[in-house]
Undergrad: 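Dropping a structure here in C-alpha cells format, bear with me for questions.
What you see is a predicted model, and the numbers here were worked out from it, not measured in a lab. Here is how names work: the chains are called A, B, and so on, in the same order as the sequence lines, proteins then strands, and each is numbered from 1.
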Protein chains: 2
Amino acid sequence: MLYLVGLGLADETDITVRGLEIVKKAERVYLEAYTAILLVDKEKLEAFYGRPVIEADREKVESGSDEILADADKVDVAFLVVGDPFGATTHTDLVLRARELGIESKVIPNASIMSGIGCTGLQLYNFGQTVSMVFFTENWKPSSYYDRVKENVQLGLHTLVLLDIKVKEPSLENMARGRLVYEPPRFMTVAQCASQMLETEEERQEGVWGPDSLAVGAARVGAADQKLVAGTLKELAEVEMGRPLHSLVLIGKRAHDLEKDYIREFAVDQATFDASWQKGGYGTM
Amino acid sequence: MLYLVGLGLADETDITVRGLEIVKKAERVYLEAYTAILLVDKEKLEAFYGRPVIEADREKVESGSDEILADADKVDVAFLVVGDPFGATTHTDLVLRARELGIESKVIPNASIMSGIGCTGLQLYNFGQTVSMVFFTENWKPSSYYDRVKENVQLGLHTLVLLDIKVKEPSLENMARGRLVYEPPRFMTVAQCASQMLETEEERQEGVWGPDSLAVGAARVGAADQKLVAGTLKELAEVEMGRPLHSLVLIGKRAHDLEKDYIREFAVDQATFDASWQKGGYGTM
C-alpha cells in the first residue's frame, strides 16, 4: 500500500495520530522536500518518528517514482507531504502511476495552506481561484497570474497567492561549466510578493489593484510564531515577517464587516487600514 | 488560553499529535456539534482522550459563549471543531469574543473539507468560490447559490457544494405546541443535492448546468470507506453513497486531462463520462 501522509503546516507534532501510526509501521518513509517545507529539519522528524526518512527531491518523485513505489504492492510505503497530499501541490501523478502498477493508495489528509489561510479570519467561502507567484528575474516577469486575479477581483472575491520556493535548484552558472551545484534555498517573502504585484500592475495598467489595495500577509501559518499583517500593498512591500513560509491574500470587495473586525487587529496601521477600506469600497459589493 | 482544535474529517485518530496533547491537558473540553460531525460518537472521543467532552450546540456557542470562555484567561479551554476551526464554518466570532474579554486564543489547524476535497483529484487551484446547499422544502427553495455557481461556471472553475446538515433542530410543529422537541438528525446526500440542482436549473433556466453536466460526489472524505463517484448530475441524482457526510463538486470546463484521468476511475459509467466530457467541452477553456 502507498500511503500519502499529510504533515500539516508547522512542525513534527502536526502529523495526525493516524498518520503517525502509519509512518511508524511503514517499510520505507519518503519526505517530499521540494514544494514546501516544515519549520523543522529532517533529523527532528526522524527522532520523532523513530525512523529514518528518505528525502525525495523533484527528480526522484517525477522521474524516479518507481523507486518509491518498489514493492508497494507487498509492503507499506509512506510518502510524506508537507500540508495536505492533495492540497497546494497535488500528487495525483504518483497515485496514477501506482494505479498503473496495480498498487493501492490511501491518503491521510491534513491541514493545507489552502484552508489554513482561514486563520486570517477571511472566510474561505469568499475566496476565488488560488494563484502562484514565482520569483521575477531581470528578464522573466510572468504576469499570467494577473488575469486570474482579475477574475477574482471583478467578482469581489479574495485571492490566495502562494509564494515561490526554490529548494535544491541546480545553479545555471555551474551547469554551464558542467558541474552540478545547487543554489542555496530561497523562499519568497510577503514583501517581495507585494512589490512584484505592484510591478505587474505598473506594466499591465488595468487597475486590478494598486498601492492602496488591501491585503493580508501570513507567515508560518499554524506555528507558535504565526504572524499576520494586514495593510495596503504599499505597506506590505516594506513589511518584515521573519522566517518562511509566507503567503499573501489580496482582499476582495465582497468582504464582510466580521472579516474586517477580525483582520484590522493585525493592521500595520489601523488608521490607514480603515481609510483604505472605506476609500476602496470594501464591504460594498 | 482558548485553543480551537481542528479534529480533521473522519475519526478520533485524525486529531494532530499537538492537538491531542492540548486536549489531554485542558481544564475543559467542548465539542462543536452542530455544523459537522465526525464518523464516531462522543463516547469514542472521550475514551480516546481519556477526558469528558462537553457537547456545544449552536445555542451554547452563539449565545452562551461566556460559559465556554469562563476563566479562560487563567486556565486552558479546548474547543474542538470537526475539520478545521476556520474552515467551512469559521469560529471567528468566538475568537473575537475572547479578544474582547482579554483572552488569548490559538488555533490548531487540521484537514478541512475545503482542502480535503482535493482527494477527488480535482486541483484546488481550479476551484472558484464555495457554496452551500440547504434542504429544500415545499415552499422554500432558495436559489441564491445559483448565481455564485454561475460566476464559477462562466470562468470554467470547479465549485465545491457543501451539503446541509440538521442536528438538534427544534421541531417547529412541537414548538407551536409549546414543547421543545428536537427533530432527528438529517444529512443531505449527493443524490439530493444533484436533484435539487436540477430543480433550480429548471426554475432559473439560465443554462448554468443541466442533466449532462459532470460532477463528483464525495462521501466520508478521509475515512477508510471514503467513496468518490463521478458522473452526470442526472446519474448522481440516483446514486447511493452511504452514510454521511457527503459533498459534491460541479466540474468546471477549465479542467485538465490529468484531472480527467484521475476522476474517470470513479465514473458511474465510463462511456457516459467520456461522452459527456467531450460533448460538454470540458478541458477546452
Side-chain angles (χ1 to χ4, degrees), chain A residues 6 8-21 48 83-88 90 92-93 95-96 99 106-132 148 151-152 155 157 162 221-222 224 226 258-259 261-262 265, chain B residues 6 8-21 48 83-88 90 92-93 95-96 99 106-132 148 151-152 155 157 162 221-222 224 226 258-259 261-262 265:
Chain A
L9 297 167
D11 68 27
E12 72 281 10
T13 63
D14 283 323
I15 194 169
T16 65
V17 173
R18 184 146 55 109
L20 184 59
E21 280 167 17
F48 189 72
D84 183 87
F86 280 3
T90 83
T92 45
D93 42 355
V95 175
L96 283 171
R99 254 192 222 166
K106 273 222 167 84
V107 175
I108 311 300
N110 207 325
S112 161
I113 188 63
M114 311 285 273
S115 55
I117 198 66
C119 72
T120 53
L122 297 168
Q123 306 252 355
L124 295 180
Y125 285 89
N126 295 334
F127 279 73
Q129 53 199 315
T130 298
V131 299
S132 296
R148 298 209 143 199
E151 293 169 344
N152 292 342
L155 295 172
L157 300 172
L162 298 176
V221 167
Q226 169 180 303
L258 190 64
E259 295 177 286
D261 291 347
Y262 199 87
E265 177 87 5
Chain B
L9 297 168
D11 68 26
E12 71 280 8
T13 64
D14 283 323
I15 195 170
T16 65
V17 172
R18 182 145 56 109
L20 184 59
E21 280 167 16
F48 189 72
D84 183 88
F86 280 3
T90 82
T92 45
D93 42 356
V95 175
L96 283 171
R99 253 190 221 166
K106 273 220 169 83
V107 174
I108 312 299
N110 208 323
S112 161
I113 188 62
M114 311 286 273
S115 55
I117 197 66
C119 72
T120 53
L122 296 168
Q123 305 252 356
L124 295 180
Y125 284 89
N126 295 334
F127 279 71
Q129 54 201 314
T130 299
V131 300
S132 296
R148 297 207 146 201
E151 293 170 342
N152 291 342
L155 295 173
L157 300 172
L162 298 175
V221 167
Q226 169 180 305
L258 189 66
E259 294 176 287
D261 292 347
Y262 198 87
E265 177 89 3

Undergrad: Is A:Arg99 positioned over the aromatic face of B:Tyr262, cation under 6.0 angstrom from the ring centre and no more than 45 degrees off axis?
TA: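 Yes; both conditions hold, so A:Arg99 lies above the ring face of B:Tyr262.
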Undergrad: Enter the distance from B:Asp11:CG to A:Arg18:CZ here, rounded to the nearest 0.5 Å.
TA: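 The distance works out to 5.5 Å.
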Undergrad: Highest number of heavy-atom pairs under 4.5 Å with chain A: which of B:Glu21, B:Glu265, B:Glu259, B:Gln226?
TA: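 The residue among B:Glu21, B:Glu265, B:Glu259, B:Gln226 with the greatest pair count is B:Glu265.
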Undergrad: For B:Thr92, what residues pass the side-chain hydrogen bond (donor to acceptor under 3.5 Å, both in side chains) criterion, not counting sequence neighbours?
TA: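 Expected list: B:Thr90.
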Undergrad: For the interface with chain A, which of B:Cys119, B:Pro109, B:Gly19, B:Gly222 has the highest count of heavy-atom pairs at distances below 4.5 Å?
TA: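 Looking at each option in turn, the highest pair count goes to B:Cys119.
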Undergrad: With a 4.5 angstrom heavy-atom cut-off, which part of A:Leu162 approaches chain B: side chain, backbone, both or neither?
TA: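 The side chain, not the backbone.
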Undergrad: In Å, rounded to the nearest 0.5 Å, how long is the span from CG of A:Leu20 to CG of B:Leu20?
TA: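 The CG atom of A:Leu20 sits 10.5 Å away from the CG atom of B:Leu20.
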Undergrad: For B:Glu151, which residues count as a salt bridge (charged side-chain N to carboxylate O under 4.0 Å, His left out) partner, sequence neighbours excluded?
TA: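 By the salt bridge (charged side-chain N to carboxylate O under 4.0 Å, His left out) rule, B:Glu151 matches A:Arg254.
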Undergrad: If we only count heavy atoms from C-beta on, is the B:Leu258 to A:Leu96 side-chain gap below 4.5 Å?
TA: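 They are in side-chain contact.
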Undergrad: Side chain, backbone, both or neither: which part of B:Ile113 has a non-hydrogen atom closer than 4.5 Å to chain A?
TA: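 The answer is neither part of B:Ile113.
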Undergrad: Could you check which of B:Gly87, B:Pro85, B:Gly118, B:Ala111 has the highest count of heavy-atom pairs closer than 4.5 Å to chain A?
TA: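 When all of B:Gly87, B:Pro85, B:Gly118, B:Ala111 are compared, B:Ala111 has the most.
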Undergrad: Can you say whether A:Asn110 sits under 4.5 Å from chain B via the side chain, the backbone, both, or neither, judging by heavy atoms?
TA: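 Both parts, backbone and side chain.
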Undergrad: By a 4.5 Å heavy-atom criterion (distance strictly below it), what part of A:Tyr125 contacts chain B: side chain, backbone, both, or neither?
TA: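 Both parts, heavy atoms under 4.5 Å.
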Undergrad: Which bit of B:Ile15 is near chain A, if near means a heavy-atom gap under 4.5 Å: side chain, backbone, both or neither?
TA: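 For B:Ile15, backbone and side chain are both near chain A.
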Undergrad: How far does CD of B:Gln123 sit from CE of A:Met114, to the nearest 0.5 angstrom?
TA: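 Taking CD in B:Gln123 and CE in A:Met114, the distance rounds to 9.0 Å.
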Undergrad: For chain B, which of A:Asp14, A:Asp84, A:Val107, A:Asn152 has the most heavy-atom pairs under 4.5 Å?
TA: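 The answer is A:Asp14.
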Undergrad: Pairing donors with acceptors under 3.5 angstrom, does anything connect the side chains of A:Ser115 and B:Ser112?
TA: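 No - no donor-acceptor pair under 3.5 Å links their side chains.
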Undergrad: Side chain from CB out, backbone as N, CA, C, O: work out which of these in B:Leu155 comes under 4.5 Å of a heavy atom of chain A, or both, or neither.
TA: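 For B:Leu155, the side chain is the part near chain A, not the backbone.
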Undergrad: Is A:Phe48 close to B:Val17 at the side-chain level, that is, under 4.5 Å between some pair of heavy atoms?
TA: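 In short, these two side chains touch, coming nearer than 4.5 Å.
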